[in-house]
Amino acid sequence: DAKTTQPNSMESNEEEPVHLPCNHSTISGTDYIHWYRQLPSQGPEYVIHGLTSNVNNRMASLAIAEDRKSSTLILHRATLRDAAVYYCILRASGTYKYIFGTGTRLKVLA
Amino acid sequence: DAGVIQSPRHEVTEMGQEVTLRCKPISGHNSLFWYRQTMMRGLELLIYFNNNVPIDDSGMPEDRFSAKMPNASFSTLKIQPSEPRDSAVYFCASSPQTGTPEAFFGQGTRLTVV
């Protein structure tokens with residue numbers, strides 16, 4: 001399974017954008033990039049995923065580098081409810097399992 | 001849909017006892033996963049099933065752990081005998097194979113072995 005590298009922690013001010021980086025230099029051509037987050041005392045929840053093109057949904061945007069060796073999760077306006085651990089995961093095409101790394105703990109300051 | 005349902009939410013047991021964790025996946029989902037989360041090791045994938053068949057159990061720690069999925073709406077994770085180092089939060093997740101293969105997680109079972 002290809003690995004991802006994320007900063008251990010980040011801080012953001014409330015109502016400001018947050019850019020969470022992820023490096024995945026060993027990504028293969030058919031690996032999907034998924035982001036999940038885990039709020040305190042809850043199970044992980046899906047945020048967004050993509051393959052090559054940038055993606056937007058109601059929760060966030062995903063910017064994928066042209067060489068696909070890195071990606072950035074963008075929260076457009078952080079709220080206190082966005083404080084969580086954010087995981088960047090590579091999923092091989094045709095498989096359905098997710099291998100979680102250590103993630104980035106996001107702290108949102110009021 | 002009520003989402004993935006796990007029971008019990010909390011379990012405290014004595015070392016050496018058998019523990020059974022239960023999971024009801026979301027109806028229509030083909031894949032089911034069991035994860036374990038500890039401070040030291042983070043979220044570990046223990047086993048996953050496709051269409052009730054175990055596909056990858058390489059994450060199961062040892063023979064004391066076993067998982068079954070007798071039908072599409074129920075799965076169990078059993079630990080026998082339990083040890084203090086098994087104390088963790090155990091999550092079950094399910095995922096469809098069509099459309100977005102998003103994994104939906106349950107609320108978890110917090111297991112404490114004393």
Engineer: A:Ile99 and B:Tyr90: same hydrophobic cluster, using ILVMFWY side-chain contacts below 4.5 Å?
Structural biologist: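 No; B:Tyr90 is not reachable from A:Ile99 via cluster members.
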Engineer: Do B:Leu32 and B:Val4 belong together in a cluster built from hydrophobic side chains that touch within less than 4.5 Å?
Structural biologist: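 No: no chain of side-chain contacts under 4.5 Å links B:Leu32 to B:Val4.
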Engineer: Which residue out of B:Gln6, B:Gln107, B:Gln37 racks up the most heavy-atom pairs below 4.5 Å with chain A?
Structural biologist: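 Heavy-atom pairs under 4.5 Å are most numerous for B:Gln37.
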Engineer: Chain A contacts: which residues in residues 48-78 of chain B have a non-hydrogen atom closer than 4.5 Å to it?
Structural biologist: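 Near chain A, by residue number: B:Tyr48, B:Asn50, B:Asp56.
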Engineer: How long is the straight-line distance from OH of A:Tyr46 back to CZ of B:Phe104, given to the nearest 0.5 Å?
Structural biologist: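 Rounded to the nearest 0.5 Å, the CZ-OH separation comes out at 9.5 Å.
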Engineer: With a 4.5 angstrom heavy-atom cut-off, which part of B:Glu44 approaches chain A: side chain, backbone, both or neither?
Structural biologist: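 Neither; nothing under 4.5 Å.
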Engineer: Is there a path from A:Ile89 to B:Phe105 through hydrophobic residues (I, L, V, M, F, W, Y) whose side chains come within less than 4.5 Å of each other?
Structural biologist: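 Same cluster: A:Ile89 reaches B:Phe105 through Ile, Leu, Val, Met, Phe, Trp or Tyr contacts under 4.5 Å.
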Engineer: At a heavy-atom separation under 4.5 Å, does A:Tyr36 approach chain B through its side chain, its backbone, both, or neither?
Structural biologist: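 Just the side chain, heavy atoms under 4.5 Å.
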Engineer: Distance-only check: which donor-acceptor pairs under 3.5 Å involve side-chain atoms of residues 16-25 of chain A, not counting sequence neighbours?
Structural biologist:
from: A:His24; atom 1: ND1; to: A:Arg68; atom 2: O; distance (Å): 2.8
from: A:His24; atom 1: NE2; to: A:Ser71; atom 2: N; distance (Å): 3.4
from: A:His24; atom 1: NE2; to: A:Ser71; atom 2: OG; distance (Å): 3.0

Engineer: Do you know which two heavy atoms are closest between A:Gln42 and B:Phe91, and how far apart they sit?
Structural biologist: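 Where A:Gln42 meets B:Phe91 most closely, the heavy atoms are O-CZ, 3.8 Å.
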Engineer: Following the transitive rule for hydrophobic clusters with a side-chain heavy-atom cut-off under 4.5 Å over Ile, Leu, Val, Met, Phe, Trp and Tyr, establish whether B:Val89 and B:Tyr35 coincide in one cluster.
Structural biologist: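 Yes, because B:Val89 and B:Tyr35 connect within a single hydrophobic cluster, where side-chain heavy atoms sit under 4.5 Å apart.
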Engineer: Can you run down the ring-ring contact (aromatic ring centres under 6.0 Å, His included) pairs that involve residues 67-88 of chain A, sequence neighbours left out, and say none if there aren't any?
Structural biologist: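 Residue pairs passing ring-ring contact (aromatic ring centres under 6.0 Å, His included), neighbours aside: A:Tyr87-A:Phe100.
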Engineer: When you group the ILVMFWY residues by side-chain heavy-atom contacts below 4.5 Å and let the links chain together, are A:Val55 and A:Tyr32 in the same group?
Structural biologist: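 No, A:Tyr32 does not connect to A:Val55 through the hydrophobic network.
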Engineer: Decide if atom CG of A:Asp67 counts as having more than 12 heavy atoms of other residues, nucleotides or ligands within a radius under 6.0 Å.
Structural biologist: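 Enclosed: over 12 neighbouring heavy atoms sit under 6.0 Å from CG of A:Asp67.
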Engineer: Just so I understand: if I count every heavy-atom pair under 4.5 Å between each of B:Ala93, B:Ala103, B:Gly108 and chain A, which residue has the most?
Structural biologist: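 Between B:Ala93, B:Ala103, B:Gly108, the count favours B:Ala103.
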Engineer: For residues 11-57 of chain B, pull every pair meeting disulfide bond (SG atoms under 2.5 Å apart), keeping only residues two or more places apart or in separate chains.
Structural biologist: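 Output for this query lists B:Cys23-B:Cys92.
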Engineer: With a 4.5 angstrom heavy-atom cut-off, which part of B:Leu45 approaches chain A: side chain, backbone, both or neither?
Structural biologist: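 For B:Leu45, side-chain heavy atoms alone lie under 4.5 Å from chain A.
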